[in-house]
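The structure appears below as structure tokens.
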Amino acid sequence: MKIFRVVSHKRTLLGFKRSFSREPELKDFLNYLDNLKNYEKCGVPKDAGTDSSHGFDLGRMNRLMDRLGNPQTGFKASFSLSSPHVRTIRERISLGKLGEPVSAKALNCLFHRIKPILDEAVALENGRLSHFEILTAMAFKLFDQGNVDVAVIEAGLGGARDATNIISSSGLAAAVITTIGEEHMAALGGSLESIAMAKSGIIKHGCPVRWFSLHIYITALWLVLGGPFLPHIEHIFLDKASSMCSPVVSASGPGNRSAVKGVSKSNGKPFQSCDIVIEVERDFKLFIELFDVKLQMLGIHQLQNAATATCVALCLRDKGWRISDESIHAGLEHTYLLGRSQFLTSTEAETLGLPGATIMLDGAHTKESAKALVDTIQMTFPEARLALIVAMASDKDHMAFAREFLSGGQLEAVFLTEVNIAGAKSRTTSASMLRDCWIQASKELGINTLHDGMEEYQKLFENQSFCSAGESKHKTILAAENSLPVSLRVGNQILRARTRDQTGIIVITGSLHIVSTVLSSLHG
């Protein structure tokens, strides 16, 4: 079975010493994209994902696909949420059984072949076609010419108004909604309910239920829910699915059981051993038992994602696809995403100038993902002390993010720093502003910290006495530092001085942009 993935437009590759990493073969293509409207750089407008006069216009995308011969009709698709790219733009389009990024050659050849059509479309739309719309159209073209059997497509902003939502009901096998959070709230109507309504826009019209002698539900357009959701949010999805004649499978349903049995290491990297049991018997039957699944993706939230993916595979199998239990088991074990609970190797740590350090990368940037990261660290390394290196975009909830770590993390130091967002500074939050948010959050929570507005802090750094006796050793150090390399170096110094024989972890987080910055400095 040939499978592809197209992923979101939210992240861009950066480097320590350069603003943008380039692949020479893709120079013309990347320059072309740079001249288009890019919401990664400028931010998403208010109400962009809603049915309002300011909402994104799917008409542009439909007209573009018409000019390209509507390649999106050539394959079956499943809507879900997936990862943005970290190292190269090619990660956004994966082809084949191994999920490898599309080759630079294939992407470049397609671009030059259809460039006249793209030029015409951009001109006819008065320059309003965006970076993401063009990239998504090219992805669909690649998948069509590659004769893929199943396409897993990430819905970008919300769902209803996203450029990927031109897939028709006849071309959709399943709609998948994993979780609901507060990110992009302003663009999606201002409430969790409006976000849920926007996401429900990926649910398409199914066909009326038809049962046959073998009890095979062959006309369903499935809705798979991850969750768990608040009851009133779940009802929004259930009501929409009912109106669309789409059967619903919930990974959080009462017949399903998932558990982390333990955390171990393989080749120096942690994995969690899990059991996943899916048993659905209402109206239709889906069943699988997967024991001792070794997930490289850490955390209870990733176990829930694995259960959700398992439900999708079972739905496809119910529709006639040949997918064995062994294939599902193997697929889960081989799933790996850059920048999600990713631990650097000892060689990579040494390349960063931090020999012997344990370094974790995670692109958490919301209240919910921060909590998931804190919970994951506590589960995996319950005794570990942390040095946090944080950089964030300006349109995130910095206070809520800080509260999660201050409440649950065993923090020795937090360095608030800066990186470019999509190769530009316009959405970068200053280190000083982040520090002020963390100071305010610590005061609200009654947590003692040391920061540069305190005499004690100045003495600490003047004397480099990070492990000195007295009250200071029990306080979390908060520091604003524009330089990421300096933040890493001094954060490591403080962690080593304070932990001594205890486990210490440097956690780089706040955005996949900071993850990209670190990884591009390692791998070019």
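The existence of a salt bridge linking Glu182 and Lys367 is confirmed by a sub-4.0 Å separation between a basic side-chain nitrogen and an acidic carboxylate oxygen. For Lys240 and Glu234, the salt-bridge test fails: no basic side-chain N is under 4.0 Å from an acidic carboxylate O. Salt-bridge formation is not detected for the pair Lys37/Glu133: no Lys NZ or Arg NE/NH1/NH2 atom is positioned less than 4.0 Å from an Asp or Glu carboxylate oxygen. A salt bridge links Asp395 with Arg427; the closest basic N to acidic carboxylate O contact falls under 4.0 Å. Using a cutoff of 4.0 Å between basic side-chain nitrogens and carboxylate oxygens, Lys285 and Glu279 are not scored as salt-bridged. A salt bridge links Arg317 to Asp325: at least one charged side-chain nitrogen sits closer than 4.0 Å to a carboxylate oxygen.
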Check against side-chain contact (heavy atoms from CB on, under 4.5 Å), Asp144 and Asn70: CA-CA 9 Å; Asp144 182 44; Asn70 288 307; over 6 Å; no
CA sep, side-chain torsions, deciding dist, call: Arg92, Glu154, salt bridge (charged side-chain N to carboxylate O under 4.0 Å, His left out): CA-CA 10 Å; Arg92 304 187 187 200; Glu154 177 184 11; over 6 Å; no
Residue pair Lys76, Asp149: steps toward the side-chain contact (heavy atoms from CB on, under 4.5 Å) verdict: CA-CA 6 Å; Lys76 283 291 182 181; Asp149 296 315; over 6 Å; no
Full working for side-chain contact (heavy atoms from CB on, under 4.5 Å) between Thr509 and Ile389: CA-CA 6 Å; Thr509 188; Ile389 315 296; over 6 Å; no
Full working for side chain to side chain donor-acceptor pair (under 3.5 Å) between Glu23 and Thr88: CA-CA 8 Å; Glu23 295 179 83; Thr88 167; 2.5 Å; yes
Working for side chain to side chain donor-acceptor pair (under 3.5 Å), residues His365 and Glu183: CA-CA 9 Å; His365 54 275; Glu183 188 176 20; 3.0 Å; yes
Val150/Phe75 under side-chain contact (heavy atoms from CB on, under 4.5 Å): CA gap, chis, key distance, verdict: CA-CA 6 Å; Val150 176; Phe75 46 80; over 6 Å; no
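Aromatic ring centroids of Tyr39 and Phe56 lie under 6.0 Å apart.
Under the ring-ring contact (aromatic ring centres under 6.0 Å, His included) criterion, no residue pair touches residues 87-108, with sequence neighbours excluded. Pairs passing the ring-ring contact (aromatic ring centres under 6.0 Å, His included) check and including a residue from residues 230-256, sequence neighbours excluded, read Phe229-Phe237.
Between Met297 and Phe271, the closest side-chain pair of non-hydrogen atoms is not below 4.5 Å. Residues Leu295 and Glu333 are not in side-chain contact: their nearest non-hydrogen atoms beyond the backbone lie 4.5 Å or more apart. Contact annotation: the side chain of Leu124 never approaches that of Arg63 to less than 4.5 Å [non-hydrogen atoms, C-beta and beyond]. Side-chain contact check for Leu338 versus Leu361: every heavy-atom pair is 4.5 Å or farther apart. Contact check for Met360 versus Leu344: no side-chain heavy atoms found under the 4.5 Å cut-off. Residues Val293 and Gln272 are not in side-chain contact: their nearest non-hydrogen atoms beyond the backbone lie 4.5 Å or more apart. With contacts defined as side-chain heavy-atom distances shorter than 4.5 Å, the pair Asn256/Val280 qualifies. The side-chain heavy atoms of Ser252 and Gln304, taken from C-beta on, include a pair separated by under 4.5 Å.
In this structure, Leu221 CG and Lys204 NZ are separated by 9.0 Å, a value rounded to the nearest 0.5 Å. Taken from CZ in Phe343 to CD1 in Ile359, the straight-line distance is 11.0 Å, to the nearest 0.5 Å. Here Ile134 contributes atom CD1 and Leu118 contributes atom CG; the two are 4.5 Å apart, rounded to the nearest 0.5 Å. To the nearest 0.5 Å, atom CG of residue Leu110 and atom CE of residue Met138 are 4.0 Å apart. Residue Leu298 holds its CG atom at 11.0 Å from NZ of Lys269, rounded to the nearest 0.5 Å. A distance of 12.0 Å separates NZ of Lys41 from CD1 of Ile421, quoted to the nearest 0.5 Å.
For Asp28, there are no salt bridge (Lys or Arg N to Asp or Glu O under 4.0 Å) partners, not counting sequence neighbours. Take Phe111 and apply the ring-ring contact (aromatic ring centres under 6.0 Å, His included) test, not counting sequence neighbours, and it matches Phe29, Tyr32. Legend: residues meeting salt bridge (Lys or Arg N to Asp or Glu O under 4.0 Å) with Lys115, ordered by chain and number and at least two apart, are Asp119. Here Ala241 pairs with Leu223, Ser246, Val248 under the side-chain contact (heavy atoms from CB on, under 4.5 Å) rule; sequence neighbours left out.
For the side-chain contact (heavy atoms from CB on, under 4.5 Å) test with Thr417, the passing option among Thr429, Leu484, Thr517 is Leu484; the others fail. The residue from Val277, Thr310, Ile278, Asp275 that alone fulfils the side-chain contact (heavy atoms from CB on, under 4.5 Å) condition with Leu290 is Thr310.
Between the side chain of Ser242 and the backbone N or O of Leu238 there is no donor-acceptor pair closer than 3.5 Å.
Of all heavy-atom pairs spanning Ser341 and Thr376, the tightest one is OG-CG2, 4.1 Å.
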